Amino acid sequence: MKKITLPSQSALNHANFTFGVATSSYQIEGDRAGRETCIWDTFCNQPDTIKDGSNGDIACDHIHRWQEDVELISELGVDAYRFSIAWGRVIKANGDINRSGLNFYIKLVDALSERGIQSHVTLYHWDLPQYLEDQGGWLNRETAYRFADYAAVIADALGSKVASIATLNEPFCSAYLGYEAGIHAPGPQADAGSRRKQGRQAAHHLLLAHGLALQALRQHFAQSNAPQLGVVLNFSPCHPLNSSPEDLDAAEFAHQYHNLWYLQPMLTGHYPSVYERLPVEDRPQIEPGDMALINQSLDFLGVNYYTRTVFRANQQHGFKDVPATGEGLTTMGWEVYAKGLTEILLSLDSEFDNLPPIFITENGIATADVCDNNEVNDAMRVDYFQSHLLAVHDAIQQGVDIRGYFAWSLMDNFEWAEGYTQRFGIVYVDYSTQRRTLKNSAKALQQLLLARQSRHHAVEDIC
Ligand code: FCB
């Protein structure tokens, strides 16, 4: 069986570097009866939205199997678990708190903490309650204020027990895939202006939601021990198809539009300069004071990385992505490109003076896994983790402040528009029995992490 190894002096071996696994609520929880309907329930019900016609009604049945899942996480030898909270499991349509929903997360965090595992919480991983969508969702400014109220409820219930709280996961996907491309929930909205305008407006309200929630969280924790507060964004180095000035310009346009659209306002209070290149009718409506609200200080930045993206010039939109071809692609059709992770980390580090410490909050690969006699030989995933952990190591060596790494994902789950056709887990899920089986990649990570743990304990004993 393949192993994962790290250079012996690597900062990734230090006790203060956090290793974890990640999931999100809609992708694993199931138990639709215990929460309000969310936009993904509605989206999945529409024809031709999800590749295998599935939905998250049951998913990994985590709400009923969470104790088994906590044992699994503990067995892996990780320091931390990153998960998200389903807004509609905690706040009812009438605004009341759903106590049993909130208690679920309190029990989960307590059980993790009893096993010495830190909780890293994401407040919004795309499952907007349908009752808010019915009022316009992210096209309605009011949603940002509701988000800050919800953040305060979570701070109150979980705040002192968790290691970190991230406001949003990948607002790029919520705004761009959800409204502009329309391949994620809620899908394009009729009569609300052009798709690009909708996407930019949703993005602006998500940014505002982030700012308002951070403000509410900081106020809440002013007198007490605060968890680390931040946000999780996705990044992909944008490369030109060839070195023509047009393609170089397209790649830079895409970099600003995809990679910097969220981070730059958060860190500087300004949109990237390509904002000025958008036709006036596509620009979002920005109220006075919004940019200052968005520009809150961050304790950490969560970086999600999967692959790079290649772009060519396109007259209508400024850029067009060129899908990867050739051998060695993942089942998502994505190129395995580990050095892109080092590249994007270095580029963010040089672009922003006030870049906060970084956690790699997602990194992983979908492969065609088969469970045969309780064995899943996912050698490609082991190689992927190996090369990407070394990419993180390289970035640290070159001066980037990186504090942790979370593998996506703890287990196979509902992969959005791809349904259950893509397996990103290090643990295999048989959806007909809900049986969990450690893949070889989980065993390789486990070996690395348990050896690391026993070295840390040995050091503690000497001290
Ligand atoms: C990220 C999402 C996560 C999962 C991975 C594969 O964009 O945050 O939920 O779908 O991609």
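Remember, it's a predicted structure, so these values are computed and weren't measured experimentally. As the structure lists them, so they are numbered: ligands from 1, and atoms in each ligand from 1.
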Distance under 4.0 Å to a non-hydrogen atom of Trp408: what atoms of ligand 1 satisfy this? 3 (C), 4 (C), 5 (C), 6 (C), 9 (O)
Return a yes/no value for Glu170: is any of its N or O atoms, backbone included, closer than 3.5 angstrom to an N or O of ligand 1? yes
So, the side chain of Lys439 versus the backbone of Gly425: is there a donor-acceptor pair under 3.5 Å, distance only? yes
May I ask you to establish whether Arg196 and Tyr257 are in a cation-pi arrangement, using a distance under 6.0 Å from NZ or CZ to the six-membered ring centre and at most 45° from the ring axis? yes
Would a distance-only check, ignoring hydrogens and angles, find a side-chain to backbone donor-acceptor pair under 3.5 Å from Ser409 to Phe424? no
Taking only non-hydrogen atoms of Glu415 and a 4.0 Å limit, the atoms of ligand 1 in range are 4 (C), 6 (C), 10 (O)
Atom indices of ligand 1, in the order listed, that fall short of 4.0 Å to a heavy atom of Trp416: 3 (C), 4 (C), 9 (O), 10 (O)
Counting non-hydrogen protein atoms only, what is the nearest one to atom 5 (C) of ligand 1? Give residue, atom name and distance. Tyr306 OH, 3.2 Å
For a side chain to side chain donor-acceptor pair (under 3.5 Å) check, start with the C-alpha distance between Thr167 and His210, then their side-chain angles and the critical distance, and finish with the verdict. CA-CA 6 Å; Thr167 53; His210 160 82; 2.7 Å; yes
Taking the side chain from Arg200 and the backbone from Ala175, do they hold a donor-acceptor pair closer than 3.5 Å? no
Return yes if some donor-acceptor pair links the side-chain N/O of Arg381 with the main-chain N/O of Ile365 below 3.5 Å, else return no. yes
Within-cut-off N or O pair, Ser24 and ligand 1, under 3.5 Å: no
Is ligand 1 under 4.0 Å from a heavy atom in the side chain of Asn234, in the backbone, in both, or in neither? neither
Ligand 1 to Glu362 polar contact by distance, N or O atoms, under 3.5 Å: yes
Contacting atoms of ligand 1, where contact means under 4.0 angstrom from a heavy atom of Asn169: 8 (O)
Option passing side-chain contact (heavy atoms from CB on, under 4.5 Å) with Arg35 (candidates Asn98, Asp41, Ile63, Ile91): Asp41
Geometry only, no angles: is His125 polar-contacting ligand 1 at N/O separations under 3.5 Å? yes
Tell me whether Asn440 contacts the main-chain N or O of Met1 through its side chain, where contact means a donor paired with an acceptor under 3.5 Å. no
Heavy atom of Met332, distance to ligand 1 below 4.0 Å: no
